[in-house]
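Taking it in order: structure first as structure tokens, then the write-up.
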Amino acid sequence: LLKNLAAVLGLLAIVWATFLLVSYILASTLFPAIEQAPQNVFAGILRVIMGLAIFTAWILIWYTLTNIWLYEVLLRE
């Protein structure tokens, strides 16, 4: 039980750390697009698309990591 609890806490720590990293990346890409919207529309659109792609990739990586963690770490026994 203690081993499974440690595995779940490890997964939560990894997901939380990647969430903070993705939040920083999104903030650095989307906020300049919002602030400079009237100046260069094409660059703003590309930044928004890049931010959405990064967020989508994070969701897919998180889902894959969770499945691997569940089937290979927690249900190993």
* **Atom pair CH2 (W16) and CG (L20), whose distance is rounded to the nearest 0.5 Å** => 5.0 Å

* Straight-line distance of T56 OG1 to L60 CG, nearest 0.5 Å ->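 So the OG1 of T56 and the CG of L60 are separated by 7.0 Å.
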
Would a hydrophobic clustering, with Ile, Leu, Val, Met, Phe, Trp and Tyr connected at side-chain separations under 4.5 Å, put [X] with [Y]?
{"X": "I59", "Y": "L26", "value": "yes"}
{"X": "L11", "Y": "I68", "value": "no"}
{"X": "I54", "Y": "Y63", "value": "no"}
{"X": "I14", "Y": "F19", "value": "yes"}

* Asked: Are W62 and T18 linked by a side-chain donor-acceptor pair shorter than 3.5 Å?
  ->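 No, T18 and W62 have no side-chain donor paired with an acceptor closer than 3.5 Å.
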
* To do: Of all the heavy-atom pairs spanning V15 and W58, show the shortest one and how long it is.
  =>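 Closest approach of V15 to W58, heavy atoms only: O-CZ2, 4.1 Å.
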
